[in-house]
Protein chains: 2
Amino acid sequence: MKRITIYDVAKEADVSLATVSRVINGSEVVREDTRVKVQEAIEKLGYKPNAIAQGLALQKTTTIALIVPEASYFYTGQIINGLIDVAKIYKYNIMLHTTTEGISEMNDIIENIIKSRVDGVVIFNDKLNKDELKQLTNYQIPIVVIGNKMSDDTVGSVYVDYAKLVYDYAMKCIKAGKTDLALVEDRKNPAMIKQLKDGLERAFADSGMKFENYIAIPKEYRSSYLFLKEYMSGNIHHDVIITYRDSQAMAVLNTAKEAGLSIPDDMELVCILDSKYNAMARPQISGFKIPDYDLGAVAMRLLTKMLTEENEVMDKEIELSYIFTPRKSTK
Amino acid sequence: MKRITIYDVAKEADVSLATVSRVINGSEVVREDTRVKVQEAIEKLGYKPNAIAQGLALQKTTTIALIVPEASYFYTGQIINGLIDVAKIYKYNIMLHTTTEGISEMNDIIENIIKSRVDGVVIFNDKLNKDELKQLTNYQIPIVVIGNKMSDDTVGSVYVDYAKLVYDYAMKCIKAGKTDLALVEDRKNPAMIKQLKDGLERAFADSGMKFENYIAIPKEYRSSYLFLKEYMSGNIHHDVIITYRDSQAMAVLNTAKEAGLSIPDDMELVCILDSKYNAMARPQISGFKIPDYDLGAVAMRLLTKMLTEENEVMDKEIELSYIFTPRKSTK
DNA sequence: TTGAAAGCGCTAACAG
DNA sequence: CTGTTAGCGCTTTCAA
């Protein structure tokens, strides 16, 4: 089947290709009867405009690139959902890229993105290197980063202030007399853990104390669970244990129980990134509802603004808030 | 910053644009010193070939479209990961589309895909309508569907035979004297549940019995959990309860426990789609390890074959297998 | 209101 | 080995 083009439609409708172009782009100037004539020809031939050719002529692709970490967490999925939903509204397509291990990886992706001439890019990545961004900005490609607070002329950001989140929570605990807080490391999300650690350290410093219970997972342990099992069996006690992901919270739950510790009576447990699985655990795990879907949606919305608005978009740093969801693992 | 093109490079290197084109495409015929000269010009100007223009000239975009359901399950994420990893190997880009509610949705996506002139498409969707596929095949776009067994000249498929999986498992149970099997409905995955139900019915029929314990979740219940809580409290007993997703298995686990039933002693529990959360539950839930990542990877591999091989690809229907992972919820 | 023609940036014969 | 040129399919002045 010969790929049918605008020329074919023009011939069929007995008009020039310019006219066909006008009707597919909804130009006002076309006379009604010729518009109908062209429409009919389009229907008859099953013509679909070639977006590639349009992209070339228009110097814009109406597609944006999305970079996410390889890990397929529910959280990431929700961000993607949010982003796609609003992208759909503004007729943007999504080119999906994932960062896998290997130093050069990110560079390849960036290179690829530049070549594909997307109109903008959204980056969600724990370990974000500013130098890599610079490449993109050099090519004048508008960027929105999710998760890190940063912005300048071509980059905007949408994020949740985890440091503040944990700071506030820690302050509340300290005021309630719970001063033995512990944070479990998450090897997969180092940057996030750093934010949490910073927040805790600040809270303790502001309270005239020092945060010391950072539970690092030694490299020789294949999983947090394995280490925590040993850790808990040491008859360890903390007032509150804080984990980043649900799976770590569950590991704490299970290992504590196995060690004869009762949660929340002997020790409280809170998970930063809440998930439905937290609610399925027994006891149910308390957590912070992070607006994952909104992170994606707002990021895309911000990007469309940066893409369309003539004058600089003013508010390019958007902080989203969270809600603490108390369940049964905290008192 | 003026967008720099192949012409700029040509002028800078003092050659024709054809030569530049040759070097960026790695043509063998270029003399070494001019190749170097061109390379230098490219570096100096920071030139990146415009993939859109290439696509237009070449009549191929080296991008494929991926359609997945909105739901951001871990399973879907893994499929995407697998697909992207092999897409990367073959230098294909991924255009991601999600099907949200609304009848016309899928049609919009198809329309969009046709316009974007992707080289092929991979579809993973529970509720797949063959008529929609026909649109794509009309435009000669190669398709690979994940999850449904089907194929013809332009469509291939990669799937796991869930009906067989559950059939075999049911037969094993029946032979062991466990004849009271129950299947929990999953409103979000009707087609999948149908496969499972078919398999069970066949197993029972082949054993001279009738499968009757299909646990439908009435619409008025917001979640499986809510209904199961009531169901279990009715002093119900089955030999084995089968669920599709981990969250349903956990709901069974929790509601059974709350009703005073012991798993696996009073009742066994098995989850079709295994996940890490199954291993985190207590007791740990037995499940079938479905090769999610491979589903994506193999689908993409198949598509590249269909895209490059001159002669018809012979094996366009690929069945992947599963492994039963016995844990603590089964005896 | 419509048509002619010049690009958009690149590839691929075809000549030389 | 390299340059010339004709597209790829569409948009957009500029004229008519």
Side-chain angles (χ1 to χ4, degrees), chain A residues 1-39 41-42 45-63 91 112 114-119 139-140, chain B residues 1-39 41-42 45-63 91 112 114-119 139-140:
Chain A
M1 187 187 77
K2 176 182 177 302
R3 271 161 143 60
I4 90 108
T5 76
I6 199 169
Y7 288 97
D8 303 313
V9 177
K11 200 190 301 168
E12 176 72 30
D14 199 31
V15 296
S16 78
L17 74 166
T19 302
V20 178
S21 174
R22 290 194 185 96
V23 347
I24 66 184
N25 290 302
S27 166
E28 291 294 311
V29 301
V30 186
R31 209 198 308 141
E32 182 59 14
D33 57 329
T34 94
R35 206 186 58 67
V36 170
K37 200 169 56 178
V38 172
Q39 266 319 347
I42 289 177
L45 301 179
Y47 167 71
K48 309 276 181 196
N50 182 330
I52 300 301
Q54 288 181 315
L56 187 59
L58 252 25
Q59 302 275 58
K60 65 193 283 290
T61 52
T62 52
T63 107
K91 311 281 187 205
N112 189 309
I114 294 172
K115 288 184 184 165
S116 62
R117 299 297 195 268
V118 294
D119 297 337
Y139 284 86
Q140 311 271 51
Chain B
M1 187 187 74
K2 176 181 177 299
R3 270 161 143 60
I4 91 107
T5 76
I6 199 170
Y7 287 97
D8 302 314
V9 177
K11 201 189 301 171
E12 176 73 28
D14 199 31
V15 295
S16 79
L17 74 166
T19 303
V20 178
S21 175
R22 290 194 186 95
V23 346
I24 66 184
N25 289 302
S27 166
E28 291 295 311
V29 301
V30 186
R31 208 199 308 142
E32 182 59 15
D33 57 328
T34 93
R35 208 187 57 68
V36 170
K37 200 169 56 178
V38 172
Q39 265 319 346
I42 288 176
L45 301 178
Y47 167 71
K48 309 275 183 197
N50 182 329
I52 299 300
Q54 289 181 315
L56 188 59
L58 252 24
Q59 302 275 58
K60 64 194 284 293
T61 51
T62 51
T63 106
K91 310 282 186 203
N112 190 309
I114 294 172
K115 288 184 184 165
S116 61
R117 299 298 195 267
V118 295
D119 297 337
Y139 284 86
Q140 311 272 51

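Predicted, not measured: the structure shown is a model, and the values here were computed from it. Every heavy atom of this structure was used, including side-chain atoms; hydrogens, water molecules and symmetry mates were not. Order of the sequence lines sets the chain letters (A, B, ...), proteins ahead of strands, with each chain counted from 1.
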Below 3.5 Å between N/O atoms, which protein atoms pair up with nucleotides 12-16 of chain C? Just atom names and distances, please.
none

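One interatomic measurement links the two molecules: OH of Y7(B) to P of dC10(C), which rounds to 9 Å at whole-angstrom precision. Per the geometry, CZ belonging to R3(A) stands 12 Å off C1' belonging to dG9(D), to the nearest Å. Residue K115(A) contributes atom NZ, which lies 19 Å from atom C1' of dC8(C) at whole-angstrom precision. Remark: P of dG7(C) and NZ of K60(A) are 23 Å apart, rounded to the nearest angstrom. The CD1 atom of I4(B) sits 15 Å away from the C1' atom of dC8(C) (whole-angstrom rounding). dG9(C) atom P lies 17 Å from atom NZ of K48(B), rounded to whole Å. Taking atom CZ of R117(A) as the reference point, atom C1' of dC10(C) lies 11 Å away to the nearest angstrom. Regarding I24(A), its CD1 atom lies at a distance of 9 Å from the C1' atom of dT11(D), rounded to whole Å.
Each of L56(A) and R35(B) was matched to the nucleotide of DNA chain D holding its nearest heavy atom; the match closer to the 5' end belongs to R35(B). Heavy-atom distances to DNA chain D give each of I6(A) and T34(B) a nearest nucleotide, and the one nearer the 5′ end belongs to T34(B).
In this structure R35(B) satisfies the side-chain hydrogen bond (donor to acceptor under 3.5 Å, both in side chains) test together with E32(B), sequence neighbours excluded.
Between the CD atom of Q54(A) and the OG atom of S116(B) there is a distance of 11.0 Å, given to the nearest 0.5 Å. Here the straight-line distance linking atom CD1 of I6(A) with atom CD1 of I42(A) works out to 8.0 Å at 0.5 Å rounding. Remark: K48(A) NZ to I114(B) CD1 distance equals 5.5 Å, nearest 0.5 Å. Here the straight-line distance linking atom CD of Q59(B) with atom CG of N50(A) works out to 7.5 Å at 0.5 Å rounding. Atom OG1 of residue T62(A) and atom NZ of residue K60(A) lie 5.5 Å apart, to the nearest 0.5 angstrom. Separating the NZ atom in K115(A) from the OH atom in Y47(B) is a distance of 9.0 Å, to the nearest 0.5 Å.
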The test is side chain to side chain contact (heavy atoms under 4.5 Å, CB included); show your working for T5(A) and D8(A) and say whether it passes. CA-CA 5 Å; T5(A) 76; D8(A) 303 313; 3.6 Å; yes

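Around NZ of K37(B), the count of heavy atoms belonging to other residues, nucleotides or ligands within 6.0 Å exceeds 12.
Between Q54(B) and dT11(C) there is a side-chain polar atom (N or O) within less than 4.0 angstrom of OP1 or OP2. Under 4.0 angstrom from either OP1 or OP2 of dG3(C) there lies at least one side-chain N or O belonging to T19(A). At dG3(C), one or more side-chain N or O atoms of S16(A) fall inside 4.0 Å of OP1 or OP2 (strictly under the cut-off).
You'll find that the side chain of V29(B) is closest to dT2(D), out of dG9(D), dT2(C), dT2(D). Listed candidates were dG3(D), dC8(D), dG3(C). Nearest to the side chain of Q59(B) is dC8(D).
Note on V20(B): nothing from the nucleic acid sits closer than 4.0 angstrom, heavy atoms only.
Of the possible polar contacts, none joining the N25(A) side chain to the S27(A) backbone as a donor-acceptor pair under 3.5 Å is found.
In the helix from dT1(C)-dA16(D) to dG16(C)-dC1(D), the end axes, each obtained as the rotation axis mapping the C1' atoms of four pairs onto the next four within a five-pair block, lie 40° apart to the nearest 10 degrees.
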